[in-house]
Amino acid sequence: MTAKMTMLEAINLGIKDAMAADESVILFGEDVADEQGGGVVKATAGLSTAFGERVRSTPISEQGFVGAGVGAAIGGMRPVVEVMMANFLAVCMDQIVNHAAKIRFMSGGQTAVPMTIRTMSGAGFQTGGQHTDWTEAWFAHTPGMKVVMPSNPADAYGLIRGCIEDDDPCLFQESMPLYWVPGEAPVQGNVIRLGEANIVKEGTDVTLITYGRGVADSMAVAQKMAADGVNAEVIDLRTISPLDNDTILNSVAKTRRAVVVHEAVRSFGVGAEISSRIHEQLFSDLKAPVQRVASSDCPTPFCKPLEDAFLYSQAEIEHAIKATLD
Amino acid sequence: MAKALSKETHLAMYQKMSLIKQNDDQIQFEMKTGKLMMPYYSARGQEVIPSAVSVNLNPDDYLVTIYRGIHDSVAKGLPLKDLWAELAGRDTGTCKGKGGPMHITHPETGVMVTTGIVGSGIPIATGLALSSFYKKDGKVTVTNFGDGASNIGAFHEGLNLASVWKLPVVFICANNRYAEHTAYEMGTACDTIAERAASYNMPGVRVDGNDPEAMHAVAKEAIDRARNGGGPTLIEAMTFRFCGHNIGDDSHYIPAEEMAAAKEADPLPRYRQWLQNQGFATDEELTAMEANIAEEIKAAKEYAYSCDFPGVEELKRDVYAYDLA
Ligand SMILES: Cc1ncc(C[n+]2csc(CCOP(=O)(O)OP(=O)(O)O)c2C)c(N)n1
Ligand SMILES: [Mg+2]
């Protein structure tokens with residue numbers, strides 16, 4: 001039996017190992033220190049006890065402390081900054097979009113911002129319109145930012161370490177529904193380089209391209225459809241920006257059909273970018289147009305029946321795969 | 001010295017306080033039994049503030065509040081049936097079940113915005129007051145927020161703007177000493193929040209937010225000033241939350257003695273006794289008032305559960321002014 005761990009434990013361990021390995025790694029965010037409970041979901045539990053003043057709880061001042069992360073990074077630190085929920089990134093958008101992302105370029109390469117911003121999101125808890133947005137497309141649309149989303153504990157460990165070691169600003173977006181799902185434990189010290197997708201399941205008939213929570217759903221559908229003789233390949237992007245073009249295009253060149261799956265709303269999303277790249281490169285090889293499975297184009301509704309209807313579903317993934325096979 | 005309040009005003013304040021408390025009890029009960037599924041931030045312990053404020057407001061004055069704000073809305077006059085239907089996610093709710101407890105909106109009673117983003121209501125309240133300036137509608141906007149919110153940029157920008165433009169708005173900070181799990185001193189550099197008003201050249205008043213008379217006096221002065229063209233006021237109302245940040249929070253970060261002392265000073269039973277000592281009401285009269293409130297809540301609850309959930313077409317409605325295809 002291989003050891004098991006939850007994604008929360010893996011993220012905690014990843015940050016801990018990164019802090020032990022490099023003194024310039026510092027951590028701050030609301031309630032992250034042990035005196036305040038080690039973070040709202042306890043992702044940072046034990047770290048202030050282990051690393052003292054390298055870990056700080058902040059006031060509710062996202063613009064202030066994310067901006068402080070930018071400055072500390074320019075000054076030679078490697079800050080890991082927690083913004084409690086993805087929606088609160090909107091409060092400090094200026095520091096990220098106008099500063100963190102652009103400073104290397106605007107300074108002609110003299111200064112840089114090796115900062116990791118951790119945040120979480122995810123519908124399904126009836127928390128409504130201001131606590132469930134997915135922001136990967138906001139930041140992937142910002143040159144200079146890297147965007148990472150883990151789908152399992154082992155990857156979460158390797159990817160948070162990859163973000164912290166990376167020399168550019170990274171958004172590490174965590175999926176709340178995945179936090180407590182146990183998975184294979186990471187190999188300690190195993191750093192996953194950003195920009196490399198993972199082929200979770202090989203197949204020949206259609207490529208499912210996804211990330212985060214979409215991986216488990218896509219795998220479930222792939223397994224179900226295998227019984228009907230459909231052999232799907234499943235790609236976990238892990239890094240959304242920069243996108244691993246080679247892995248995507250090699251796979252689709254083989255399967256000649258593709259479906260992109262994400263929880264974020266459909267329009268102007270990551271799925272549109274991937275679909276476009278596939279069409280640009282493989283138009284004449286495709287047997288069907290690329291399909292997108294995503295959540296509805298509206299704010300996340302509160303009540304359960306609407307929230308369920310808003311979210312993409314496994315049935316929609318199956319339907320999209322069938323649409324490429326017709 | 002403020003003029004002594006009438007018996008009617010006292011009883012009106014107590015009525016609101018009891019309503020808020022009983023409503024909170026019932027919400028927590030329904031959540032425990034699994035009938036309500038929602039994030040909930042109880043205001044148990046903070047009943048005095050909106051009760052004392054809202055008896056000074058007109059029905060069409062504006063309110064902007066926060067996730068911990070159901071008590072503010074109820075005190076403002078939000079109908080319980082509409083509230084409960086929203087909490088239950090039904091299509092007859094204030095927001096058709098699409099907003100939920102963190103986004104209660106009911107313009108008919110002046111409940112204009114409820115936000116889940118800390119501090120963001122403050123500039124919006126300033127803007128509502130600006131609309132009153134242009135429309136000369138005589139309305140005052142009141143906005144509620146917590147102590148932690150005074151550390152976010154929106155607070156400072158919103159107050160400054162309201163003062164520069166001398167707008168009819170009252171900023172009410174419920175200082176319950178904690179922001180999630182962070183104690184006041186950990187996150188706030190100044191001793192009081194009221195003193196922050198000095199930077200924006202507006203009156204800043206600190207008051208015992210659990211004392212109905214004191215709270216009423218301060219709120220009345222600020223609301224009168226706003227209505228008479230005197231501009232904004234910042235009120236820091238000292239209070240405490242008895243049930244942690246949200247349901248499920250065990251308040252481990254609050255020293256046990258601090259919590260015990262706060263609960264010992266629970267403003268509700270204290271005021272109830274005081275009303276009797278003053279001869280404003282008998283125990284029987286207050287019990288009857290409370291029983292009426294309980295009936296009203298029960299009816300609202302039953303009504304809510306009898307209503308339907310919204311249909312999926314609601315995903316395409318209200319995203320824009322027209323329905324999506
Ligand atoms: C911009 C933003 N950051 C963080 C949060 C998460 N959060 C919700 S309530 C809260 C504490 C607010 O404390 P305070 O202003 O004192 O109000 P209280 O909850 O005590 O009534 C925090 C940090 C949020 N909702 N919005
Ligand atoms: Mg507070």
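All values below come from the heavy atoms of this structure, side chains included, with hydrogens, waters and symmetry mates left out. A note on names: the letters A, B, ... follow the listed sequences, proteins ahead of strands, and every chain is numbered from 1.
The closest side-chain heavy-atom distance from Pro101(B) to Phe302(A) is below 4.5 Å.
For NZ of Lys316(B), the number of neighbouring non-hydrogen atoms (other residues, nucleotides, ligands) closer than 6.0 Å is 12 at most. Annotation for Lys81(B): atom NZ does not count as buried by contact number, only 12 or fewer foreign heavy atoms lying within 6.0 Å. Sparse packing is recorded around NE2 of His141(A), with 12 or fewer heavy atoms of other residues, nucleotides or ligands lying under 6.0 Å away. Within 6.0 Å of OH in Tyr305(B) there are more than 12 heavy atoms belonging to other residues, nucleotides or ligands. Other residues, nucleotides and ligands contribute more than 12 heavy atoms inside 6.0 Å of the CD atom of Gln28(B). For Glu313(B), the CD atom is densely surrounded, since the number of other residues' heavy atoms within 6.0 Å is greater than 12. Shown here is Arg56(A), whose CZ atom has no more than 12 heavy atoms of other residues, nucleotides or ligands within 6.0 Å.
Here CD1 of Ile117(B) is found 11.5 Å from CD1 of Ile60(A). Values are rounded to the nearest 0.5 Å. Within the model, atoms CE of Met186(B) and OG1 of Thr58(A) stand 9.0 Å from one another, a figure rounded to the nearest 0.5 Å. Atom-to-atom distance recorded for Thr300(A):OG1 and Lys98(B):NZ is 12.5 Å, nearest 0.5 angstrom.
With chain A as partner, the option from Ile152(B), Val319(B), Leu315(B) having the largest number of non-hydrogen pairs under 4.5 angstrom is Leu315(B). Between chain A and the residues Gly119(B), Ala183(B), Gly100(B), Ser150(B), the most heavy-atom pairs under 4.5 angstrom are made by Gly100(B). Comparing Gly97(B), Gly153(B), Gly89(B) by heavy-atom pairs within less than 4.5 Å of chain A, the highest count is held by Gly97(B). For the set Met84(A), Glu307(A), Glu30(A), the entry with the most heavy-atom pairs within less than 4.5 Å of chain B is Met84(A). Of all the listed residues (Gly99(B), Ser120(B), Gly93(B)), the one sharing the greatest number of non-hydrogen pairs under 4.5 Å with chain A is Gly99(B). The greatest number of non-hydrogen atom pairs below 4.5 Å with chain B, out of Gly129(A), Pro59(A), Ser296(A), is found for Pro59(A).
Residue contact with chain B, scored on non-hydrogen atoms closer than 4.5 Å, involves the backbone and the side chain of Phe310(A) alike. Contacts of Asp297(A) with chain B are made by backbone atoms alone, with heavy-atom separations under 4.5 Å and no side-chain atom involved. The contact between Met37(B) and chain A is made by backbone and side chain atoms together, counting heavy-atom distances below 4.5 Å. Heavy atoms of Thr188(B) lying under 4.5 Å from chain A are absent altogether. Both the backbone and the side chain of Val312(B) come within contact range of chain A, judged by heavy atoms closer than 4.5 Å. Of the atoms belonging to Leu87(B), it is backbone heavy atoms, and not side-chain ones, that fall under 4.5 Å from chain A.
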Yes or no on side chain to side chain contact (heavy atoms under 4.5 Å, CB included) for Glu180(B) and Gln36(A), after CA distance, side-chain angles and deciding distance? CA-CA 8 Å; Glu180(B) 288 216 353; Gln36(A) 286 74 42; over 6 Å; no
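Between Gly116(B) and Phe88(A), the shortest heavy-atom contact is O-CE2, 4.4 Å. Residues Ser61(A) and Asn151(B) come closest through the heavy atom pair OG-O, 2.8 Å.
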